[in-house]
Amino acid sequence: MSDLRKVNIDGKEIEVPADYTLMQACEETGAEIPRFCYHERLSVAGNCRMCLVEWVGAPKPQASCALQVKDLRPNRDGTPANIRTNSEKVKKAREGVMEFLLINHPLDCPICDQGGECDLQDQAMAYGRDTSRFEENKRAVDDKFMGPLVNTIMTRCIQCTRCVRFVTEVAGVEEIGLAARGEDAEITTYLEQSLTSELSGNVIDLCPVGALTSKPYAFNARPWELDSTESVDVMDAVGSNIRVDSRTGRVLRILPVINEDVNEEWISDKTRFVWDGLGRQRLDRPYIRENGKLRPAGWDEALALAAEKLKGEPEEIAAIAGDLCDAESMKALKDLMGSLGVQNLDCRQDGAIIGGGARSEYLFNTGIAGIEEADAILIVGSNPRLEAPLVNTRIRKTWLNSNLKIGVIGEAADLTYDYDHIGTSAADIEKLTTSTTGFAKKLKSAKRPMMIIGAGALGRAGGAQILRACGELAAKFEMVSADWNGFNVLHTAAARVAGLDMGFLPGEGGKSTVEIAQAAKQGAIKTVYLLGADETGADYGDAFVIYQGSHGDNGAHRADLILPGAAYTEKDGLYTNTEGRVQPGSRAVAPKGEAKEDWAIIRALSGHLDRVLPYDSLFALREKLIADYPVFGALGTKPDTSPDFDVKTVGQAGKVPTDDLTSPITDFYLTNPIARASNVMAECSELIPEQTLTEAAE
């Protein structure tokens, strides 16, 4: 336990850890300390001076963010140091600081996007003067180009350097800095080019004055006009907690919600800015393909046709669930196919052979927050910076704050931290298993080693054999023990873990995703049901394809029948992230046109098939889901991942492939139908050089 010290704050004596800052100590007593530069997750800068407090006996007010309690000397009589947060001296000091901050600030609140949720606005009202003594001309600063996402009005900037510290410390991309000194000081991008970090949008939330705002959201709405709905992100399998802001049925922005165990208070740029894709290329009514062309149809006609095609032989029917599906829709489709006797089911759109065994075999067992406990990490077939930016951020945070050793087997990339590049192919896994030098020595000496296996290793031919090789390596270096499960699978699809949990997998004699495509091309499968499956890239031959989804993307282009579903912001649903944490997504706006929630479409279809599913409400469906699979009943909590499997036996025995392991994500901004429909994501893909994320680390 850290050393405790006593301090007297506003007449109240308290005992706090010696390494607390004076600001933290003051807030322990309930005192409110204003600040601009200070942020809990960034290093201390101490340059705004708004957090001044009075240390009785000291000649000047003190910056409470930069002074630690252990530096406070007791009074001569031995009593604790006396701190005042609301004295006349403090009030006058804060008024002076605020006056200086506002000297050059433009009076453009009526047109500022930050208006209504601006720290400077709020604190000027609470701590500033009601008059100004400034008569000189205000200074103007040129706006900077920071890319398609971040809008700059640098005359508003107060040089708090939050943005500089974020991109340097958290994002790990040193692209913003403070140039010059004194009155000439300016925040700028070093090379006057677009920011390349996949986390750059977080500087918008950090900026306390409106110098950095959202370019896509500019002039769309005021904060008090928006309806806010807390939900969960589906752009990757991290399950970042988000807030969806909407007005008159349109999503206008997406912001992060703090969850210390998952995304802390950050979100990726794809999560934040994909919202414009929710309104474009939408499927808003059923369509039937006739003579090679799609024509609009009514729901009754469309469902009757779907029912007709699903009344064939069970072995001639198959269903594939996509990456953005909620658990309820997959459960409904699984139950419907089960009632028809269909065994050809798969939720592994990328063809990965995983699941069907113990739950720990396919989860990120340490949990995302558990990364901070590791002292050695081996990354296999994954580029976490592209596949799960918030996981990569957590790795970088641990690397910065501890003696973490990192090794990579797969493609070399700029991951924002140093690592040992062990090799590029799965054969290097076997070499490492038998090695006693290099990174193997670091793994052997580690007390809490962990492995992260990515989709680049599993979603390919020979993935099951690679998984077995990883399991054998994990066993060799004791990554799984009674009190530590360091065997982690990093999924890229938001729907994957929920599908594996409910067994949306081939039944007895059933076919997997790859086998379904092969059988359809050969004519053995005559009807394929795609539930939001757009990434298979398969040719289904002459099979009749039913596509149910929200966007006119790859699946709809091949479909013979289209059933319009709801996007993730238009329905209530459960999503299970890569660590097995079940989280609820919430409906923020109504589905577009005649589109309906996915589970409701499948329930209606069951009526046309005379196989009526035993639930007619979302509540009843969830009851059935939890009754059949109890793991869905523990909302918001990381599951207990105590080792319940023999790590040496995961996957399948056999020879591992020798070709290079590469990440399945080649363009971070265009990985799903919603992102591909987004103009903002398309602009990012074009303007932000791909090589900045995938170039080999030196």
Side-chain angles (χ1 to χ4, degrees), residues 283 286-322 325 329-349 351 499 502-534 536-549 554-565 596 598-615:
L283 301 173
Y287 288 89
I288 295 173
R289 191 178 298 277
E290 288 182 352
N291 301 320
K293 293 184 178 181
L294 292 171
R295 67 165 178 84
W299 271 109
D300 285 340
E301 182 185 5
L303 292 175
L305 178 59
E308 177 188 333
K309 297 297 181 179
L310 291 171
K311 286 179 178 176
E313 295 299 322
E315 59 272 13
E316 296 178 348
I317 301 170
I320 301 173
C325 297
S329 63
M330 287 190 287
K331 169 63 173 167
L333 184 57
K334 184 174 186 291
D335 287 351
L336 178 60
M337 292 298 162
S339 71
L340 297 172
V342 176
Q343 301 294 325
N344 305 315
L345 303 177
D346 210 341
C347 64
R348 303 163 302 187
Q349 203 178 191
M502 69 177 68
F504 200 103
L505 298 168
E508 186 176 349
K511 295 178 173 59
S512 66
T513 297
V514 175
E515 293 166 340
I516 288 170
Q518 292 171 346
K521 196 171 182 180
Q522 295 166 1
I525 287 182
K526 300 191 178 340
T527 303
V528 180
Y529 199 114
L530 301 180
L531 180 61
D534 291 272
T536 61
D539 176 8
Y540 295 109
D542 294 328
F544 188 87
V545 176
I546 302 169
Y547 176 77
Q548 179 179 330
N554 300 333
H557 291 167
R558 171 58 186 86
D560 298 292
L561 171 63
I562 294 174
L563 305 176
K596 301 182 184 301
D598 292 294
W599 76 268
I601 296 172
I602 298 166
R603 170 63 175 77
L605 177 58
S606 71
H608 283 262
L609 283 163
D610 297 324
R611 298 284 197 282
V612 179
L613 296 175
Y615 32 79

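In this structure, SG in Cys325 is found 8.5 Å from CG in Leu333, a value given to the nearest 0.5 Å. Distance check: Ile602 CD1 to Asp335 CG gives 9.5 Å after rounding to the nearest 0.5 Å. Going from atom CG of Leu563 over to atom OH of Tyr547 covers 10.5 Å, rounded to the nearest 0.5 Å. Distance CD1/Ile601 to CG/Leu336: 12.5 Å, rounded to 0.5 Å. Taking CG of Asp598 as the start and CD of Gln548 as the end, the distance is 4.5 Å to the nearest 0.5 Å. Between atom CD of residue Gln343 and atom CG of residue Leu345 there is a gap of 7.0 Å, rounded to the nearest 0.5 Å.
Under the 3.5 Å distance criterion, the side-chain polar atoms of Arg289 are matched with a main-chain donor or acceptor of Ala559. In terms of modelled atom types and a separation under 3.5 Å, the side chain of Ser606 and the main chain of Leu613 share a donor-acceptor contact.
Minimum interatomic distance between Pro564 and Ile562 (heavy atoms only, all atoms of both residues): CD-O, 3.8 Å. The shortest heavy-atom contact between Lys334 and Met502 is CE-O, 3.0 Å. Of all non-hydrogen atoms in Ala520 and Val528, the two that sit nearest each other are CB-CG2, 4.4 Å. Closest approach of Ile320 and Thr536 over heavy atoms only: CG2-CG2, 4.4 Å. A pairwise comparison of heavy atoms in Leu283 and Gly549 identifies CD1-O, 3.6 Å as the closest pair. Residues Ala306 and Leu605 share a closest heavy-atom pair of CB-CD1, 3.7 Å.
Using a 4.5 Å heavy-atom cutoff, the side chains of Val612 and Arg603 are in contact.
Annotation: side-chain hydrogen bond (donor to acceptor under 3.5 Å, both in side chains) contacts involving residues 505-520, sequence neighbours excluded, comprise Asp346-Thr513, Ser512-Glu515.
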Could you go through the side-chain contact (heavy atoms from CB on, under 4.5 Å) check for Tyr529 and Val342 one step at a time? CA-CA 11 Å; Tyr529 199 114; Val342 176; over 6 Å; no
What verdict does the side-chain contact (heavy atoms from CB on, under 4.5 Å) test give for Met337 and Leu310, after you've listed the backbone C-alpha separation in whole Å, the side-chain angles of each residue and the deciding distance to 0.1 Å? CA-CA 9 Å; Met337 292 298 162; Leu310 291 171; 4.1 Å; yes
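Using a cutoff of 4.0 Å between basic side-chain nitrogens and carboxylate oxygens, Asp560 and Arg558 are scored as salt-bridged.
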Show me the side-chain donor-acceptor pairs of residues 292-302 shorter than 3.5 Å, one per line, residues at least two apart or across chains.
from	atom 1	to	atom 2	distance (Å)
Arg295	NE	Glu290	OE1	3.0
Arg295	NE	Glu290	OE2	3.0
Arg295	NH2	Glu290	OE2	3.1
Arg295	NH2	Glu301	OE2	2.4
Trp299	NE1	Glu594	O	2.9

